[in-house]
Amino acid sequence: MSNSTAKELYDKWHGELGEQEEDNSNAPWHQITKQYLGDIQGRKLLEIGCGRGGFSKYLLECGADLVAADFSDTAVAITKRLLPNMSNFDAVVADIQNLPFSDNAFDIVVSLETLEHVPDPDKGLAELVRVTKPGGQLIISTPNYFGLLGLYRTYREVTGRGFTEVGQPINHPLKLIDRVRQLKQLKCKVNVVDGVGHYLYIPKTYGIRMTWLDQPRFLMKWIAAHSLTVATKM
């Protein structure tokens, strides 16, 4: 799929969702990110894949000097409506695969549930590293298809039912273990590897979460549905 086609499809997808849940910053990937975000007061921070701005609002409330960016014009317009008068804030249309920022531009780069929804996730990850300052942090989450989520996706596809994440046009089956390896290849030190969320997937539902499977965390994080890495650019 070309970038222009993907952009068109995501503008349509965000438009169909409208303003719903625009102020939400409590999804499982938001909750786990908050555990590792640390003090971001006054830090120059890029949130790429800001969607409709719910987590952008949280980052601003924490004092970040924020650039919120998304592939979709529609998503950025909704973010601007949510956060029209907040200081230290800009919202821009930007492609994670070809970011319009100079090398080493940001202290912190946050990308939550985004890489799996672009045509070339590997190129997107390399761009995140490029725009992070040496010594800066990258906080990245994606679904992890090495586990029950991957099995459910395979079941859907084998039975001809198809699979999407909430109807999104692009859904790459990324894996946590692959991202850890790729970050090391991009000369990053991986400081945190974490994951939560184990679900009994039932058709026509979002799945039943089985919290007891989150433990022992050091083992179960590798097959959890919601994966997080925190890395330092060396």
I'd like to know if [X] and [Y] make a salt bridge, using a cut-off of under 4.0 Å between side-chain N and carboxylate O.
{"X": "Glu157", "Y": "Arg153", "answer": "yes"}
{"X": "Asp194", "Y": "Arg217", "answer": "yes"}
{"X": "Arg130", "Y": "Asp103", "answer": "yes"}
{"X": "Arg209", "Y": "Asp214", "answer": "yes"}

Starting at [atom1] of [X], measure out to [atom2] of [Y] and round the result to the nearest 0.5 Å.
{"X": "Phe146", "Y": "Ile177", "atom1": "CZ", "atom2": "CD1", "value": "6.5 Å"}
{"X": "Ile78", "Y": "Leu83", "atom1": "CD1", "atom2": "CG", "value": "12.0 Å"}
{"X": "Leu174", "Y": "Glu113", "atom1": "CG", "atom2": "CD", "value": "10.0 Å"}

Aromatic ring pairing Phe55/Tyr58, orientation class (parallel under 30°, perpendicular over 60°, tilted between): parallel

Fit a plane to each ring of Tyr152 and Phe163, take the angle between them on a 0 to 90° scale, and name the class: parallel (under 30°), tilted (30 to 60°) or perpendicular (over 60°). perpendicular

Main-chain N/O of [Y] paired with [X] side-chain donor or acceptor, under 3.5 Å:
{"X": "Gln185", "Y": "Leu183", "answer": "no"}
{"X": "Thr232", "Y": "Gln137", "answer": "no"}
{"X": "Thr159", "Y": "Arg156", "answer": "yes"}
{"X": "Ser72", "Y": "Ala75", "answer": "yes"}
{"X": "Asp107", "Y": "Leu45", "answer": "no"}
{"X": "His198", "Y": "Met210", "answer": "no"}
{"X": "Lys233", "Y": "Gly135", "answer": "no"}

Any [X] side-chain heavy atom under 4.5 Å of [Y] side chain:
{"X": "Val180", "Y": "Trp222", "result": "yes"}
{"X": "Leu66", "Y": "Asn88", "result": "no"}
{"X": "Asp70", "Y": "Val93", "result": "no"}
{"X": "Leu228", "Y": "Thr33", "result": "yes"}
{"X": "Leu176", "Y": "Thr229", "result": "yes"}

Should [X] and [Y] be counted in the same cluster of Ile, Leu, Val, Met, Phe, Trp and Tyr side chains packed under 4.5 Å apart?
{"X": "Leu151", "Y": "Met220", "answer": "yes"}
{"X": "Leu213", "Y": "Leu200", "answer": "yes"}
{"X": "Val230", "Y": "Met234", "answer": "no"}

Between Glu165 and His117, is a side chain to side chain donor-acceptor pair (under 3.5 Å) present by the stated rule, with each step listed? CA-CA 9 Å; Glu165 294 172 20; His117 300 307; 3.1 Å; yes

Centre of Tyr145's six-membered ring, under 6.0 Å away, within 45 degrees of the axis: is that where NZ or CZ of Lys175 sits? no

Check step by step if side chain to side chain donor-acceptor pair (under 3.5 Å) holds for Thr142 and Glu116. CA-CA 7 Å; Thr142 70; Glu116 69 275 18; 4.9 Å; no

Which is it for Gln97 and Asp95 under the side chain to side chain donor-acceptor pair (under 3.5 Å) test, yes or no, and what are the steps along the way? CA-CA 5 Å; Gln97 303 158 110; Asp95 179 357; 2.9 Å; yes

